[in-house]
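In what follows, chains are A, B, ... by sequence order, proteins preceding strands, each numbered from 1. Computation of the quantities below employed the complete heavy-atom set of this structure, encompassing side-chain atoms and omitting hydrogens, waters and symmetry-equivalent molecules.
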Protein chains: 2
Amino acid sequence: MTIGSKRILSYPSIRRMPSYLRVLKDLVATDQKDVSATFLAKALGFEPIVVRKDFDPLPITGKSGVGYDIHELIKAIEDHLGWNNITDAFLVGTGNLGSALLGYRGFEQYGVKIVLAFDVDPAKTHQTINDIHVLPIDEFSTMAVRMKVQIGVLAVPAEYAQPIAEQMIKAGIRAIWNFAPVKLVVPENVVVQNEDLAEGLAVLSVKLDRLKTQSVHPIPGDTSPVPENETPDTHPVP
Amino acid sequence: MTIGSKRILSYPSIRRMPSYLRVLKDLVATDQKDVSATFLAKALGFEPIVVRKDFDPLPITGKSGVGYDIHELIKAIEDHLGWNNITDAFLVGTGNLGSALLGYRGFEQYGVKIVLAFDVDPAKTHQTINDIHVLPIDEFSTMAVRMKVQIGVLAVPAEYAQPIAEQMIKAGIRAIWNFAPVKLVVPENVVVQNEDLAEGLAVLSVKLDRLKTQSVHPIPGDTSPVPENETPDTHPVP
DNA sequence: TAGATATCGATGTAAGTATATCGATAAAAG
DNA sequence: CTTTTATCGATATACTTACATCGATATCTA
Ligand SMILES: NC(=O)c1ccc[n+]([C@@H]2O[C@H](COP(=O)([O-])OP(=O)(O)OC[C@H]3O[C@@H](n4cnc5c(N)ncnc54)[C@H](O)[C@@H]3O)[C@@H](O)[C@H]2O)c1
Ligand SMILES: NC(=O)c1ccc[n+]([C@@H]2O[C@H](COP(=O)([O-])OP(=O)(O)OC[C@H]3O[C@@H](n4cnc5c(N)ncnc54)[C@H](O)[C@@H]3O)[C@@H](O)[C@H]2O)c1
């Protein structure tokens, strides 16, 4: 059973990688050279076993009794996610959410940089938000083709999401980060990642409900102070 | 094996519920009375089996050859999620993301209404965003206690997330929707839902990478037009 | 140097999800 | 009224993910 040894991260693993990166990058400032799975687990609220499993497919190896080399680990993760060289992205829809995204400097840490934005509303175009120019949507295709941009961020109202997605794809976009609560219909050679905030809200509601109903039967001699409470995410390979 | 029949939705199911709700509410406008799992599956890109499994724990039943009663289904979902009577929430941090969330009218559809916001920056307080008042953070506790608010939305910079969370909890907050990329340490009787956009970005990166490398070996006689491309989320009960 | 402690990596188990199959039922079509 | 089609619901299977155990190895301490 050694055929094609598993060098592919599962989606749950992939989702945890940004968290690891954050902690690891904080550690770089320290004089530490190595970090243990136990340490990362505690910092992030996972189980140490999960951490080691997550790193298992990466082309690195930890040392017993020591842990993983921090720099090696960071490099391995960034390599796997393709975050070493930052990829340019275009954003469409500079409304509430779109301009929040533009105002966020954090994405560059994750390999993506929004370099141009577009909107249909003349009141919003021909200005800059956080140093990013906002152009009329008509110029999207020209610019996308010229700059060979492959990632598009979709932050328009639901009813315009599909047509804008199609326009993106025609202009060469291969990956769409979709914030509109709509299932986009796209060709096979285009990937979509839907970001639906309502999912998290639904989970929160249910957790709160279940918390209340279960606390009707309180744990006998328990007044422990500071545990945790997380909700993860998983998924099979499409 | 009928002891305590499974009336509990899995987390993946819970995450799909908002999508169902959206489609169902659109259907209400129609004159349709029933909807089949097949229809919902097609509309959302799931498998019909998944849809039926998702509805199985709900206290409703579909009719063979017909489907589910739309109104019954909506009610069952909203009941389960506790979204029938809207719950008030407070938001802290009216920066880029926070004000985007305030500008969004959609959350009420999911049982949560942000009724007050708070910030530490005097330049941002004592104004309204989308008709929601922004107060100084010092007033949080008083207002939370007075209004018996149980849900807090955290949209402050990472370094302030933990202290603000603690302040929320002292004021009676039981559920925190956390947008800061930080693991919050909270007591057992408080639930946290972390919303980490980087997760989705990580998934998108990998999907794009895998798309490119696999397309080196194109599927032989395949030029099918409009398939799909989704990435779901799952998780075990804490 | 010897012993205690921490940690990895491999292997195995359990839990949770997704998917397939099939009989029964309801509506529509002939 | 009979046949066809669509659909649910139950059961079974496969797959993915999380979790547990244990031996081996490295570091630290006495
Ligand atoms: N704001 C939030 O917190 C939030 C939360 C969850 C989901 N969403 C989703 O994100 C999307 C955007 O939300 P928002 O609150 O920013 O809405 P918004 O109305 O504030 O912004 C939408 C922007 O898209 C622009 N636009 C409209 N049609 C366009 C077109 N054809 N081409 C280019 N630009 C166009 C508008 O001019 C506007 O600037 C929506 O689909 C919404 O459902 C938003
Ligand atoms: N903007 C995005 O697109 C985005 C994306 C992902 C994650 N986030 C996360 O969301 C959080 C907010 O991001 P942002 O872009 O809105 O940042 P921001 O700096 O624009 O806004 C932060 C707000 O919090 C306020 N604040 C600071 N300390 C406070 C305190 N002690 N009490 C009350 N208010 C306080 C500030 O005054 C400011 O208004 C951050 O943790 C960020 O990492 C943002």
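- One atom, NZ of Lys33(B), and another, P of dA26(C), lie 17 Å apart when rounded to the nearest Å.
- In this pair, Phe179(A) and Trp177(A) present their aromatic rings tilted. The plane angle is within the 30 to 60° band.
- Within the structure, side chain to side chain donor-acceptor pair (under 3.5 Å) pairs that include any residue of residues 162-173 of chain B comprise Gln162(B)-Glu166(B) (at least two apart or interchain).
- Distance, Ile14(B) CD1 to dG16(C) P: 13 Å, rounded to whole Å.
- Out of dT17(D), dT19(C), dA10(C), the shortest distance to the side chain of Pro12(A) is found at dT17(D).
- Asp54(A) places its CG atom 13 Å from the C1' atom of dC19(D), with the value rounded to the nearest Å.
- We find that CD1 of Ile8(A) is positioned 11 Å from P of dT16(D), with the value rounded to whole Å.
- When rounded to the nearest whole Å, the span between CG of Asp34(B) and P of dA28(C) equals 11 Å.
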Are any protein N/O atoms closer than 3.5 Å to N/O atoms in nucleotides 4-7 of chain C? If there are, list each pair with its distance.
residue, atom, partner, partner atom, Å
dT7(C), OP1, Ser36(A), OG, 3.4
dT7(C), O2, Gly65(A), N, 3.3

Stepwise side chain to side chain contact (heavy atoms under 4.5 Å, CB included) check, Leu197(B) with Leu101(A): CA-CA 10 Å; Leu197(B) 292 181; Leu101(A) 294 173; 4.1 Å; yes

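- We find that CD of Gln32(B) is positioned 15 Å from P of dA27(C), with the value rounded to whole Å.
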Please list, one pair per line, the donor and acceptor atoms closer than 3.5 Å that link side chains of residues 59-69 of chain B to other protein atoms, with sequence neighbours excluded.
residue, atom, partner, partner atom, Å
Asp69(B), OD1, His71(B), N, 3.0
Asp69(B), OD1, Glu72(B), N, 2.9

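- A salt bridge links Arg16(A) and Asp54(A); the closest N-O separation between the charged side-chain nitrogens and carboxylate oxygens is under 4.0 Å.
- Contact annotation: Arg15(B) side-chain N/O to dT17(C) OP1/OP2 distance is not under 4.0 Å.
- Distances from the side chain of Lys53(A) to the nucleotides dT11(C), dT17(C), dA12(D) place dT11(C) closest.
- Lys25(A) NZ: more than 12 foreign heavy atoms inside a 6.0 Å radius.
- In this structure, Leu208(A) and Arg174(B) have side chains that are in contact, with non-hydrogen atoms separated by less than 4.5 Å.
- One interatomic measurement links the two molecules: CD1 of Ile49(A) to P of dT13(C), which rounds to 15 Å at whole-angstrom precision.
- The distance between atom CG of Leu9(B) and atom C1' of dA18(C), rounded to the nearest whole Å, is 16 Å.
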